[in-house]
Amino acid sequence: MAVSICAFMGYGSGTSSLINGTNRRLRQQDAPIVLQLNQGKPKGKGKGRGKGKRVLVVRSQKGGVSDNVAVINGTDKISGLLQSGSLEDELARVLSSMRQREEKGRGAVRVAYQGCPGAYSEAAAIMAHPGCEGVPCKSYEDAIWAVESRRADRAILPVESTLEGSVVRNYDLLVHHSLHIVQEIQLFVHYCLLVVPGVSKEDVRKVISHPMALAHCGQTLARLGLDSAPVDDTAGAAELLLNNRLTDTAAIASCRAAEIYGLRVVARGVQDEKWNTTRFLVLARKSDLPPPPQEDDHRPLKTSIVVAHGGGLDPLFKVLSAFSKRKINLTKFEVKPQTGAPLRVLDVNGGGSVRQFEHVFYIDFEASVADPNAQSALQEVQEATTFVRVLGSYTADSKIYSLD
């Protein structure tokens, strides 16, 4: 049984919200929270039994959530009424319990990532889901497709680096596809210079690696007088080095890649800045509200959204004001460069037409999308812009993990 909460508000006209994998327009009076139970085919016959999908919509009132709410359990029975104050905690508890049973029954979580075994994305996947089964993919879009086609349960994408800033292309992929952010992970990225056994550092004339890794180590490579050539990923560079027994070439990759491919590390920490971290986002088909934090867990909840508007400074001020006056902390406010390609979104409510936006904000804020205060802020944002989409709500993790 797969269970998820998709938390959306009625954002008003022009906004699409994801329910059951399709975009449908929600009215303002519709629920801010949708509890979706995906079950196997139910026993018995009869009208409405279908594929066994059940959707419970929790209706919103001005003062909060109504108290005549029930949760449907795996046997299609009503498990009881919930008080409004306990609604979010109870739904999160139900989700957490059912998700754990589901993952325990099917084995290791399958996480798709771009690159070969030994890639930094694979390392981040292992940090996020210890004991997971890695699913290597050619590209970031292939990793997303692996989840959409159910070859994988999760996909992991790098979205920010302390040296390079945001990977806007990967944020755009989140909008082009229907996956949800369910987790974040931050990883120290320490680059190593790898060579084939028997080759010395003095023999190296050229370095191969992923373009971003080469950029992160540009000053070091210039100081060493080494030429560089891009390949698909860091671990792929290590594999290429080994398979072709290149004796005048080194690869920039992780120390773990050196162990996997039997290469020798001749230099460590070759990045230009010693403090080099990358933030990854974990994506899933279904959106889950994080479980309530424990008493000793002070990590806030975080929500990521994308906002599009018609241009000018007025929408910017109104968006900032919507969060500021409600004392909601923004942890990210990224303006998509106008020099890049416009954001294109398929509007299924508009007859399948493609909408194009020149002006886009990517925003992270510290609150759950189920929080009435956040709902109010997002409603105000919707009124000031032309498109709002929630990319996911998840627990913010400030810990930075390391391979060393």
Side-chain angles (χ1 to χ4, degrees), residues 111-130 132 134 140 143 154-171 173-174 181-194 207 209-221 230 233-238 251-259 265 267-283 290 297-304 329-335 362-366 391-392 394-404:
V111 183
Y113 63 91
Q114 185 274 329
C116 302
Y120 289 98
S121 290
E122 185 205 27
I126 294 172
M127 298 296 179
H129 290 281
C132 68
Y140 297 122
R154 300 283 190 270
I156 190 162
L157 300 184
V159 291
E160 290 178 33
S161 166
T162 53
L163 293 183
E164 287 292 299
S166 292
V167 185
V168 176
R169 164 62 179 161
N170 283 352
Y171 272 104
L173 285 177
L174 299 180
I181 304 171
V182 294
Q183 188 179 357
E184 69 175 1
I185 193 86
Q186 297 185 77
L187 184 69
F188 278 117
V189 175
H190 299 301
Y191 293 113
C192 297
L193 201 63
L194 314 182
V207 175
S209 193
H210 187 275
M212 183 176 292
L214 295 174
H216 289 176
C217 305
Q219 295 177 20
T220 301
L221 297 181
D233 65 277
T234 56
I252 292 178
S254 67
C255 55
R256 182 169 179 271
E259 296 174 359
V265 178
R268 295 177 181 269
V270 295
Q271 64 272 7
D272 297 334
E273 299 290 340
K274 299 305 178 185
W275 180 267
N276 182 28
T277 65
T278 298
R279 177 181 175 231
F280 295 83
L281 296 178
V282 180
L283 313 176
D297 185 358
H298 303 291
R299 294 177 298 174
L301 300 184
K302 183 185 289 187
T303 296
S304 296
N329 184 41
L330 299 184
T331 59
K332 176 185 179 65
F333 196 103
E334 181 86 15
V335 179
Y362 289 108
I363 302 172
D364 293 347
F365 60 87
E366 289 184 343
L391 301 176
Y394 46 98
T395 302
D397 190 351
S398 60
K399 181 178 178 180
I400 303 177
Y401 298 83
S402 177
L403 294 177
D404 300 331

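Each residue takes its place number in the sequence, starting with 1. Computation of the quantities below employed the complete heavy-atom set of this structure, encompassing side-chain atoms and omitting hydrogens, waters and symmetry-equivalent molecules. Since this is a predicted model, take the numbers as computed values, not measurements.
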Would you find a donor on one side and an acceptor on the other, under 3.5 Å apart, between the side chain of D397 and the backbone of Q186?
no
If I compare all heavy atoms of C116 with all of G236, which pair ends up nearest, and what's the gap?
SG-CA, 3.9 Å
At their closest point, which heavy atom of S209 faces which heavy atom of A237, and how far apart are they?
CA-CB, 3.9 Å
Show your working on side chain to side chain contact (heavy atoms under 4.5 Å, CB included) between L283 and I156 and close with a plain yes or no.
CA-CA 6 Å; L283 313 176; I156 190 162; over 6 Å; no
Check the pair T331 / K302 against side chain to side chain contact (heavy atoms under 4.5 Å, CB included), numbers first and verdict last.
CA-CA 9 Å; T331 59; K302 183 185 289 187; 3.7 Å; yes
Would you confirm whether Q114, through its side chain, and A143, through its main-chain N or O, come within 3.5 Å as a donor-acceptor pair?
no
Can you tell me if NZ on K274 sees more than 12 non-hydrogen neighbours from other groups inside 6.0 Å?
yes
Closest approach of C192 to V265 (non-hydrogen atoms, all atoms of both residues):
CB-CG1, 4.1 Å
Evaluate side chain to side chain contact (heavy atoms under 4.5 Å, CB included) for E160 paired with K332, printing each intermediate quantity in order.
CA-CA 11 Å; E160 290 178 33; K332 176 185 179 65; 3.3 Å; yes
Working to the nearest 0.5 angstrom, can you tell me the gap between L174 CG and L281 CG?
6.5 Å
Can you name the closest pair of heavy atoms from W275 and I400 and give their distance?
CZ2-CD1, 3.8 Å
Show, in sequence, the C-alpha distance, side-chain angles and deciding distance for M127 and L187, and conclude whether the side chain to side chain contact (heavy atoms under 4.5 Å, CB included) test is met.
CA-CA 9 Å; M127 298 296 179; L187 184 69; 4.3 Å; yes
dist C255:SG -> H190:NE2 (nearest 0.5 Å) comes out at 9.0 Å
State, to 0.1 Å, how close A235 and P117 come at their nearest heavy-atom pair, and which atoms those are.
CB-O, 3.4 Å
Please check this pair: side chain of N276 against backbone of V189, looking for a donor-acceptor N/O pair closer than 3.5 Å.
yes
What is the distance from atom NE2 of H216 to atom OG of S161, rounded to the nearest 0.5 Å?
3.5 Å
What's the spacing between I126 CD1 and Y401 OH if we round to 0.5 Å?
13.5 Å
What verdict does the side-chain hydrogen bond (donor to acceptor under 3.5 Å, both in side chains) test give for S304 and Y171, after you've listed the backbone C-alpha separation in whole Å, the side-chain angles of each residue and the deciding distance to 0.1 Å?
CA-CA 10 Å; S304 296; Y171 272 104; 5.9 Å; no
How far does CE of M212 sit from CD1 of I252, to the nearest 0.5 angstrom?
13.5 Å
Looking only at side chains, do T234 and Y191 share a donor and an acceptor under 3.5 Å apart?
no
Keeping the roles fixed (side chain from S254, backbone from Y120), state whether a donor-acceptor pair exists under 3.5 Å.
no
Rounded at 0.5 Å granularity, tell me how far CZ in F188 sits from OG1 in T278.
11.0 Å
In terms of heavy-atom contacts, G218 and D272 come closest through N-OD2, 3.2 Å
